[in-house]
Amino acid sequence: MAVVPQEALKQFEELMEEVDESLKITFQNMHQGYPHETLGRFLKAREGNVAKAHKMLVDCLNWRVQNNIDDMLAKPIVPVELYRGIRDSQLIGLSGYSHEGIPVFAIGAGLSTLDKASVHYYVQSHIQVNEYRDRVILRAATKKYGKHVSKCIKIMDMTGLKLSALNQIKILTTISSIDDLNYPEKTQTYYIVNAPYVFSACWKVVKPLLHERTRRKIDVLSGCGQDDLLKIMDYSSLPHFCRRRSSGSSKNTDNGAENCFSLDHPFHQQLYSYVKQQFLVRLPVEPLKQGSVHVTLPEGADEEDIAKILESELEKFKGLAESRDSLKGLTVVDDKR
């Protein structure tokens, strides 16, 4: 369904006027000034069925309220060693923009081990990237290119893929479900590159778990995909693993600024600084009562997850003075490209 009927959009809009105020507030944070386009995304995700799209969006807004998603960009993952471990094992980064101004995200699917932190932190990190993409990256691209940019392109590198990757199917399914239900129609195309022989076997297991509308957007390219991708973006926007001169490693390059997966890459430096800044900005307006700390625990968290979450929360306050000093003069850049 490429075009959303205006009548369906009008009906959807009228239904949204009846939702609770708390849902209206999170909807404003979600649509970033483009409510009709956001309603259109949910309509497309439900094949134009207004009732189903309305339920999907209301469920999404309730999820945002219950999990404090509006504040997700004010919840730094600390200490930095934990965050670096997540970045080294959950490979994702922003490599550039297409000719049409669409952000290009690179994902190291083959070499992502997801074994340096609990599921809670990998999910938190994924949601933070989603929210930063929507609130900062896409907003900056819209301003730069003079048109509403609401989607991204994802290039998934299968370098190093092994059958053992299927051991992480639970967390991958969780993350995929979050995207399908709460961030529908945010990806224009998924390009698969550097697919090894075992990719076919893994794909047979993963494919049935994906929604049909997601499967329709997947395009498997030959080799590193350089020739095909250069038709839609400049060489400078290609992820390092799509460049033939690359060593072929999705994870390691000598230049941290060139490897968009590295914590030293500008994208991750700006994202991490942005989250720390938002935490410090909001802290004064939410004073602690009698020295207490409110911590929201994910449903189904085990003892190990709870211990790590509490430790992380305490680290935030333990290092607060140092964080304030380290952020003096900080300038967050939305888009330098």
* To do: Take the angle between the ring planes of Phe12 and His54 and call it parallel below 30°, perpendicular above 60°, tilted in between.
  => perpendicular
* To do: List the atom of Asn182, the atom of Cys60, and the distance in Å for their closest heavy-atom pair.
  => OD1-CA, 3.4 Å
* NZ or CZ of Arg87 within 45° of Phe261 ring axis and under 6.0 Å -> no
* For residues 196-211, which residue pairs qualify under side chain to side chain donor-acceptor pair (under 3.5 Å), counting only residues two or more places apart or in two chains? -> His211-Arg213
Listed pairs under 3.5 Å, donor-acceptor, residues 22-29 side chains, sequence neighbours left out:
| residue | atom | partner | partner atom | Å |
| --- | --- | --- | --- | --- |
| Lys24 | NZ | Glu17 | O | 3.0 |
| Thr26 | OG1 | Arg64 | NE | 3.1 |
| Thr26 | OG1 | Asp70 | OD1 | 3.0 |
| Thr26 | OG1 | Asp70 | OD2 | 3.0 |
| Asn29 | ND2 | Asp70 | OD2 | 3.0 |

If hydrophobic clusters are built from ILVMFWY residues whose side chains come within less than 4.5 Å, do [X] and [Y] share one?
X      : Y      : value
Leu138 : Met233 : no
Val104 : Val149 : no
Leu181 : Leu39  : no
Tyr34  : Met30  : no

* Salt-bridged, Asp71 to Arg282, with N to O below 4.0 Å? -> yes
* Asked: Are Arg215 and Glu212 ion-paired here, with the side-chain N under 4.0 Å from a carboxylate O?
  -> yes
* To do: State whether the number of non-hydrogen atoms from other residues, nucleotides or ligands found under 6.0 Å of Glu14 atom CD is greater than 12.
  => yes
* Asked: Are more than 12 heavy atoms from other residues, nucleotides or ligands located less than 6.0 Å from atom CZ of Arg135?
  -> yes
Does any donor atom in the side chain of [X] or [Y] lie under 3.5 Å from an acceptor atom in the other side chain?
X      : Y      : value
Ser236 : Asp234 : no
Asn259 : His265 : no
His36  : Glu13  : yes

* Asked: Would Tyr190 and Thr214 satisfy side chain to side chain donor-acceptor pair (under 3.5 Å), going step by step from the backbone distance to the final call?
  -> CA-CA 9 Å; Tyr190 298 86; Thr214 299; 5.0 Å; no
Please confirm whether the backbone N or O of [Y] pairs with a side-chain atom of [X], one donor and one acceptor, at under 3.5 Å?
X      : Y      : result
Ser95  : Leu238 : no
Tyr122 : Asp115 : yes
Gln168 : Thr113 : yes

* To do: Can you spot which of His268, Gln269, Lys276 makes a side-chain contact (heavy atoms from CB on, under 4.5 Å) with Tyr272?
  => Lys276
